[in-house]
Amino acid sequence: MERVPILKIGDTLLVSIQIDLQDQTVLALQEDLAERIVQTQARGVIIDITAVEIVDSFIGRMFATIASMSRLLDAETVVVGMRPAVAITLVELGLSLGGVRTALDLERGMKLLDSGADLR
Amino acid sequence: MTLGAGRQQRIATLLRERREGVLDHWVAAVLNTVRGRTTQAELRGQLAELYELVVQAMGEEDGTAAGELSAALQELSRTRARQGFSPSETAVSVFGLKDAVLHEIEAGGGTGVVVYREFASFSKDIDDLGLLTFETYARTREQVIADQAEQLLELSTPVVKLWEGIVGVPLVGTLDSARTQVVMESLLQTLVDTGSEHAVIDITGVPAVDTEVAQHLLKTVVAARLMGAECVISGIRPQIAQTIVALGIEFGDIVTKATLADALAYALERSGVRVGAG
């Protein structure tokens, strides 16, 4: 099974998803990420989904789950680079990702975390 | 399709021998229905062409002329549909031939049972041709409507850049699912292409907002939010505000402004641009 790499930049963890997401991969990512946040005492998590073209409700829920999980561990989550088609799909699935912050691209996502703005 | 197929020899002979008489009568009958929109000479030209094809179709075995006849009729019907003739007017142009033929039969004193049997069969064939013009007419009009709907869809959904990082979507006309889908896709794509973080959706030109339209707007805003952009809805007229409240639609935490100017000012402020007099 492929694993999604988790990179550390300063006190931010960067998860760049470049592969087709299987349910198993997603579950593994959640476990790995929780472990790494504790291990590195990261304050922010950026999930880059620029390369993700297909989502289903399971993956949509993954974003929300990761966001709540990281918040428990005192880290902010930002999802960046969502494609229009993916956004439309998630809306049609009824997933508005209430607690997840989003940004157009990685750069803006980093800026958002740096500014330390509160959750919406 | 072949006309008559040898069962209407008398009528075929009559059509060949009294060409001018039948044609005159036919033109006169049709001219009554299309008065003022086409000249007698033009109409005569069209009908003479059809007439020749009818005569040929009745005398042939293989159906070539009949094919040409139906092609010519479809062409005539298409032209008329685009010129704004009604389908009955086009069909009457064809049915007029029956009257003309009947008139000639009576004038020639043909009263035998055989003649009338032939005429009944001839009449049925002409009815089929008339129906063909009807069908073609309907198809042509549907095509015209489909074309117009498509053009409307292309025309009505521009996404304009208002400022660096701010795009605007002036919506004009009734929003339905298909249009909203196009608007949503082009807006989101523009957000990605231009890297804009703010979008203003202006609904000044939307005549009515019902629950469905509101639902579409909300979906667009949420989708933009998922991508990391903020939407402001502007141009809500007083009556529409009342309707929205009366319908119990909740816009939640979506920012709404009365005018496009207010929305632009808000978006500028959010993106850190300072606007002042002088």
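To find a chain, count down the sequence lines: A is the first, B the second, and so on, and within it residues start at 1. It should be emphasised that the depicted structure is a prediction, and the values quoted were computed from it without experimental measurement.
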Is it true that, when you exclude A/Ile19 itself, more than 12 heavy atoms of the residues, nucleotides or ligands shown sit nearer than 6.0 Å to its CD1?
yes
Note, A/Pro84 side chain near B/Val192 side chain (heavy atom, < 4.5 Å):
yes
B/Arg78, CZ: over 12 other non-hydrogen atoms inside 6.0 angstrom:
yes
Is there a side-chain contact between B/Met227 and A/Arg83, using heavy atoms and a 4.5 Å cut-off?
no
Other residues, nucleotides and ligands only: do more than 12 of their heavy atoms fall within 6.0 Å of CG on A/Asp56?
yes
Would you find more than 12 non-hydrogen atoms of other residues, nucleotides or ligands less than 6.0 Å from B/Glu164 atom CD?
no
How close do A/Ala87 and B/Ala223 get, heavy atom to heavy atom, and via which atoms?
CB-O, 3.5 Å
Would you say CD of A/Gln41 has more than 12 non-hydrogen atoms from neighbouring residues, nucleotides or ligands within 6.0 angstrom?
no
Just to verify, which of A/Leu97, A/Thr89, A/Ile88, A/Val100 counts as forming a side chain to side chain contact (heavy atoms under 4.5 Å, CB included) with B/Leu226?
A/Leu97
So, the part of B/Ser196 with a heavy atom under 4.5 Å from chain A: the answer is backbone
Given 3.5 Å as the limit, does a donor-acceptor pair link the side chain of A/Thr102 with the main chain of B/Arg225, or not?
yes
Bottom line for A/Ile49: the part with an atom under 4.5 Å from chain B's heavy atoms is neither
Do other residues, nucleotides or ligands put more than 12 heavy atoms under 6.0 Å from the CD atom of B/Glu42?
yes
